Amino acid sequence: QVRLVESGGGLVQPGGSLRLSCSASGGTFSTYAMAWFRQAPGKEREFVSAISRSGVNEYYADSVKDRFTISRDNAENTVYLQMDNLKAEDTAVYYCAADVYGSDYASAFLDAYDYWGQGTQVTVSS
């Protein structure tokens with residue numbers, strides 16, 4: 001059983017930055033593709049970013065491209081999401097997810113992911 005725990009959310013002003021972390025336990029992290037999704041109130045959960053198991057390939061939603069950066073540290077079993085130039089529309093609960101059948105690509109589809117964290121709230125407001 002894989003357990004994912006997110007941290008790093010909070011309240012930030014527009015234009016500010018946050019770094020989310022997702023720590024994994026209970027499996028072989030280096031074999032998983034990892035992703036971040038988010039869900040705003042009243043909206044469906046949407047893809048934000050993903051990274052292949054080796055970290056070579058990164059994927060971003062158009063809405064966050066050039067503002068967010070995903071990375072991973074396989075020695076620390078952790079995936080990160082650096083979020084810069086935050087906007088009010090980035091306000092959401094952010095979830096990390098693991099695809100235990102991952103390869104050197106990572107999916108943007110929610111159904112590809114087998115395990116999910118509990119989420120961390122990000123609020124962008126002045």
Side-chain angles (χ1 to χ4, degrees):
Q1 188 77 7
V2 177
R3 183 168 181 250
L4 304 174
V5 179
E6 302 98 334
S7 60
L11 173 64
V12 63
Q13 293 186 344
S17 297
L18 281 175
R19 188 194 196 203
L20 304 184
S21 300
C22 173
S23 179
S25 61
T28 307
F29 180 76
S30 61
T31 66
Y32 307 155
M34 298 296 296
W36 290 93
F37 289 78
R38 67 186 181 187
Q39 188 166 18
K43 294 189 176 182
E44 294 186 352
R45 194 168 298 189
E46 66 174 6
F47 172 76
V48 175
S49 183
I51 189 167
S52 62
R53 60 186 180 184
S54 66
V56 169
N57 295 312
E58 301 172 13
Y59 308 84
Y60 297 93
D62 288 344
S63 59
V64 306
K65 202 169 292 183
D66 299 326
R67 298 189 298 122
F68 290 11
T69 304
I70 192 170
S71 61
R72 67 188 294 160
D73 184 339
N74 285 346
E76 295 294 328
N77 292 350
T78 303
V79 62
Y80 304 97
L81 185 68
Q82 176 67 41
M83 306 187 294
D84 298 319
N85 190 20
L86 283 159
K87 305 176 181 180
E89 51 263 43
D90 294 319
T91 295
V93 177
Y94 284 70
Y95 299 90
C96 75
D99 173 5
V100 300
Y101 302 102
S103 64
D104 281 336
Y105 78 98
S107 175
F109 293 99
L110 191 147
D111 289 348
Y113 293 87
D114 309 289
Y115 294 96
W116 294 81
Q118 82 289 349
T120 186
Q121 176 70 47
V122 172
T123 302
V124 185
S125 175
S126 56

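The figures here come from the full heavy-atom set of this structure, side chains too, leaving out hydrogens, waters and symmetry mates. Not measured: the values here are computed from a predicted model.
Counting heavy atoms from C-beta on, the side chains of L20 and T120 come closer than 4.5 Å. Counting heavy atoms from C-beta on, the side chains of E6 and W36 come closer than 4.5 Å. Under the 4.5 Å side-chain criterion, counting only non-hydrogen atoms from C-beta, T31 is not in contact with V100. The side-chain heavy atoms of L11 and Q121, taken from C-beta on, include no pair separated by under 4.5 Å.
Contact detail for Y113 and A33: the closest heavy-atom pair is CE2-O, 4.0 Å. N74 and R53 get closest at one heavy-atom pair: ND2-O, 3.2 Å. When every heavy atom of P14 is checked against every heavy atom of S125, the shortest pair comes out as CD-C, 3.6 Å. Closest heavy-atom contact between I70 and M34: CD1-O, 4.3 Å. Between F68 and Y60 the shortest heavy-atom distance is O-CE2, 3.2 Å. When all heavy atoms of A24 and L4 are compared, the closest pair comes out as CB-CD2, 3.6 Å.
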*Start with the C-alpha distance between D114 and V2, add both sets of side-chain angles, then the distance that settles side chain to side chain contact (heavy atoms under 4.5 Å, CB included), and finish with yes or no.*
CA-CA 9 Å; D114 309 289; V2 177; over 6 Å; no
*asked:* Could you walk me through whether Y94 and R38 satisfy the side chain to side chain donor-acceptor pair (under 3.5 Å) test, starting with their C-alpha distance in whole Å, then the side-chain angles of each, then the deciding distance to 0.1 Å, before giving a yes or no?
replied: CA-CA 4 Å; Y94 284 70; R38 67 186 181 187; 2.9 Å; yes
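Distance alone, capped at 3.5 Å, is enough to place a donor-acceptor pair between the S52 side chain and the N57 backbone. Within the 3.5 Å criterion, the main-chain N or O of V56 finds a donor-acceptor partner in the side chain of S54. Between the S49 side chain and the Y59 main chain, a donor and an acceptor come within less than 3.5 Å of each other.
Partners of R3 under the side-chain hydrogen bond (donor to acceptor under 3.5 Å, both in side chains) rule, at least two apart in sequence or in another chain, do not exist in this structure. In this view, Y115 satisfies the side-chain hydrogen bond (donor to acceptor under 3.5 Å, both in side chains) rule with no residue, not counting sequence neighbours. When the side-chain hydrogen bond (donor to acceptor under 3.5 Å, both in side chains) test is applied to Y95, no partner is found at least two apart in sequence or on another chain. Qualifying side-chain hydrogen bond (donor to acceptor under 3.5 Å, both in side chains) partners for R19, counting only residues two or more places apart in sequence or in other chains: none.
Remark: aromatic rings of W116 and F37 are close, center separation under 6.0 Å.
The hydrophobic clustering, which links ILVMFWY residues whose side-chain heavy atoms are closer than 4.5 Å, places Y105 and F47 together. Residue F29 is grouped with residue Y101 when hydrophobic side chains (ILVMFWY) are merged at heavy-atom distances under 4.5 angstrom, including chains of intermediate members.
The disulfide bond (SG atoms under 2.5 Å apart) analysis of residues 8-45, with sequence neighbours excluded, yields the pairs C22-C96.
The CD1 atom of I51 sits 5.0 Å away from atom CD of E58, with the distance rounded to the nearest 0.5 Å.
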Pairs of donor and acceptor atoms involving the side chains of residues 78-86, under 3.5 Å and at least two apart or interchain, shall be tabulated with distances.
residue: T78; atom: OG1; partner: E76; partner atom: O; Å: 2.8
residue: Q82; atom: NE2; partner: D84; partner atom: OD1; Å: 2.9
residue: D84; atom: OD1; partner: S17; partner atom: OG; Å: 2.8

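Residue E89 qualifies as enclosed at atom CD: its count of foreign heavy atoms under 6.0 Å is above 12.
Using a cut-off of 4.0 Å between Lys/Arg side-chain N and Asp/Glu carboxylate O, D90 and K87 are scored as not salt-bridged.
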